[in-house]
Amino acid sequence: MIQLETLSVHLGQRLVVDDLSLTLHRGRVTVIIGPNGAGKTSLLRALACLVRPSSGKILLDGDTLSDLKAAERARRIGYLPQNGVPAWAVTVRDMVALGRIPYIGRFAAPTAHDDAAVETAMADADILHLADRRVDSLSGGERARAKFARILAGESDWILADEPLANLDPPHQRDTLHLLRQAAQSGKGVVVVLHQLNAAARLADDLLLLKQGRTCGFGPCSEVLTQEALMTTFGMAMEIVNLDGRTAILPL
Amino acid sequence: MSMRRSALFVLLALSFLLSLMAGKVWIAPADWFSASPGGWIMAELRLPRALLGLLVGGVLGLSGAVLQGYLRNPLADPTVVGVSSSAALGGVIAILLGISGLGLFGFAMVGAAASVLLLLALSGREGGPLAFILAGMVLATLSGALTALLISLAPNPFATSEIIAWLMGALTDRTMDDVFHATPFMALGALCLLSTGRALDALTLGEDAARSLGINMTRLQLQVALGTGLAVGASVAVTGVVGFVGLIVPHIMRRWVGERPSRLLIPSAIGGAILTLAADSAVRLIPGVGEVRLGIAMSAIGAPFFLLLLAKLRKGAA
């Protein structure tokens, strides 16, 4: 589990995460939603140890996150950044294999287990048939799956994903949601920043509503997702409707 | 893949042999170890020249591949980050002071060292590749301006022409002493540069992804700056500025061994050596009174070649 204890994060002079205390659990998908500039990405980057908290701390299964060695932290937390276009047209297999970097010494060769983890990750993300293709020849959806496979190859306990649905069409959004859900079912902790409220409602076990770095609600999606909470978070009226057991959120 | 790598080694051996044999006087292998004039030319002139071509080309190709990987930019090379021009500035100061040989080498290395320190200070502890390239461009411009200033202040036309000739880069009339001076720095620099492979691979996905994979960006920046300073500084110190090798060789090698940064490093070193040895052999064979300077020849060959490559690249993208 990941515990935030009175966590605050500054970007320059600006306070972007304000005194946040909460606990995230493995085996569950936690979705962070909130308006632009609410501090969602900053919070996720703090969890990935990419920004230093200005006060408070983050505990990863009892260990203070900032005290962990970088490789150890990387083995336990996988981070999927927003819209990264690969700089070089490497093959899909090479890109997925980057997920093994925290396990391999500077000059060491990958072990049989490293290779196996890469193949398994590609199979789980359904991209084995693309393994020898160059990443610049992939469609947007295929590239998203390849990047996700890179995270899976890292065999981390936690997956942090920043807007994994951006620029994907509905079928590929569905595929990505499915991969995230599968990861949680396999026992990983999954934390996702999303802008699509309907997708959030479908995916989330736990929902974290964020506004100006403060929480407007955190807990099981069914309890936290209310019209009042959405109004407070986004400053905009939305209707939550139930269609045959599926939740849909309609802006008014 | 391994066949392609073997092909590179064969080409390297051939271009090294060519560099030993080619020139106004062709020296057949039979004369290499004889007491004939051919044997003397081989030992005193051709061997140091070929060795320097190998070393200089190698580190230029290698540092180009590392810088392109680090900056995630296919247009980067050692001249962009200011190391070459700062080392050249050091060399120019030495020439103006009437210092040559090991002294000139030392001045150029001090110039390179200063550029590395400034580069690290200007780009800051937390500064990533973007700050690094901006700092590098500032340095390159500044040392270029200072060099121009010194040339304009040169006491006599002879000094001016000596400086300009040195700046243009050449392997002419080098001795084994130059090889001995440069080799330790180049070897140390190459070690620094070669140890960046894994981090450069991680950077394929961007800085955040690399850091989340456990890569220490501060350390990487230090390795890149130090490696480039030592290796390229030493190469400028013995040959002057030879451009384009660091820029074009990684591009050629990407087509040959794929784009993964770590797999590009050794092939780029070999490719740089091949290109430099071949170009240096060619300048000896061009008929005429004098010899075309290697730096000029390289740019003359390099620029059109690079345009061709770009055109092909665009066709591929279209």
Side-chain angles (χ1 to χ4, degrees), chain A residues 41 44-45 47-52 68-110 132 134-137 143 146-147 150-151 153-154 156 158-162, chain B residues 1 65-76 125-126 128-130 191-220 223 250-251 253-266 268 313 316-318:
Chain A
T41 293
L44 208 63
R45 281 168 55 85
L47 292 178
C49 230
L50 294 172
V51 283
R52 202 165 264 288
L68 291 179
K69 287 213 165 106
E72 158 88 9
R73 187 197 70 229
R75 285 193 283 266
R76 287 162 73 170
I77 299 182
Y79 174 71
L80 188 64
Q82 213 171 324
N83 310 320
V85 177
W88 311 110
V90 297
T91 64
V92 168
R93 182 178 275 111
D94 279 347
M95 184 165 108
V96 175
L98 293 178
R100 299 303 297 174
I101 281 179
Y103 296 88
I104 305 174
R106 189 179 296 272
F107 293 109
D132 295 315
R134 285 162 46 125
V135 289
D136 61 343
S137 71
R143 196 183 307 152
K147 283 188 194 161
R150 192 269 291 178
I151 298 291
S156 54
W158 290 84
I159 292 179
L160 314 176
D162 196 354
Chain B
M1 175 61 86
V66 168
L67 284 168
Q68 289 181 13
Y70 174 60
L71 301 169
R72 289 163 46 89
N73 188 328
L75 292 179
R125 265 186 71 92
E126 298 280 315
L130 185 66
L191 267 183
C192 276
L193 293 173
L194 284 171
S195 67
T196 61
R198 198 179 61 145
L200 298 183
D201 281 350
L203 264 178
T204 300
L205 295 169
E207 216 180 312
D208 272 0
R211 288 174 59 201
S212 76
L213 285 168
I215 301 300
N216 182 336
M217 291 299 289
T218 314
R219 179 182 174 159
L220 176 63
Q223 283 171 331
H251 285 268
M253 289 304 141
R254 268 185 205 108
R255 300 171 73 90
W256 192 245
V257 300
E259 300 203 356
R260 187 170 148 187
S262 64
R263 277 196 205 128
L264 202 60
L265 300 185
I266 289 172
S268 291
L313 217 69

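Heavy-atom basis, side chains included; hydrogens, waters and symmetry copies ignored. Remember, it's a predicted structure, so these values are computed and weren't measured experimentally. Quick note on labels: first sequence line is chain A, next is B, and so on, each numbered from 1.
Among the candidates A:A97, A:A71, A:P86, the residue making the largest number of heavy-atom pairs closer than 4.5 Å to chain B is A:P86. Contacts with chain A were tallied for B:G214, B:S212, B:G197; B:S212 has the most, counting heavy-atom pairs under 4.5 Å. Taking A:E72, A:M95, A:R134, A:R45 one by one and counting their heavy-atom pairs under 4.5 Å with chain B, the maximum is reached by A:R45. Put simply, of B:D208, B:N216, B:I215, the one with the most heavy-atom pairs under 4.5 Å next to chain A is B:D208. The candidate with the highest count of non-hydrogen atom pairs below 4.5 Å against chain B, out of A:A89, A:P102, A:A74, A:C49, is A:A89.
In this structure, B:I266 places its CD1 atom where only 12 or fewer heavy-atom neighbours from other residues, nucleotides or ligands lie under 6.0 Å away.
The backbone N or O of B:P129 lies less than 3.5 Å from no partner atom in the side chain of B:R72, so there is not a single donor-acceptor pair. Using a distance-only test at 3.5 Å, with no hydrogens or angles considered, a donor-acceptor pair links the side chain of B:Q68 to the main chain of B:A76. Formation of a donor-acceptor pair under 3.5 Å by the A:T91 side chain with backbone atoms of A:D94 is found in this model. Although no hydrogens or angles enter the test, the distance criterion places no donor-acceptor pair under 3.5 Å between the side chain of A:R73 and the main chain of A:L68. The backbone N or O of A:G154 sits less than 3.5 Å from a side-chain atom of A:Y103, completing a donor-acceptor pair.
Only the backbone of B:L194 comes within contact range of chain A, with at least one heavy atom under 4.5 Å from a heavy atom of that chain. Looking at A:R150, the atoms closer than 4.5 Å to chain B (heavy atoms on both sides) all sit in the side chain, from C-beta outward. In this structure, the portion of B:N73 lying under 4.5 Å from any heavy atom of chain A is its backbone and not its side chain. Heavy atoms closer than 4.5 Å to chain B are found in the side chain of A:P81, but not in its backbone. A:V85 touches chain B through its backbone: at least one of N, CA, C or O sits under 4.5 Å from a heavy atom, while the side chain does not. At a 4.5 Å heavy-atom cutoff, A:R75 makes no contact with chain B through either its backbone or its side chain.
Note that CG of A:L160 and OH of A:Y79 are 8.0 Å apart. Values are rounded to the nearest 0.5 Å.
The shortest side-chain heavy-atom distance between B:V66 and B:L200 falls under the 4.5 Å cut-off.
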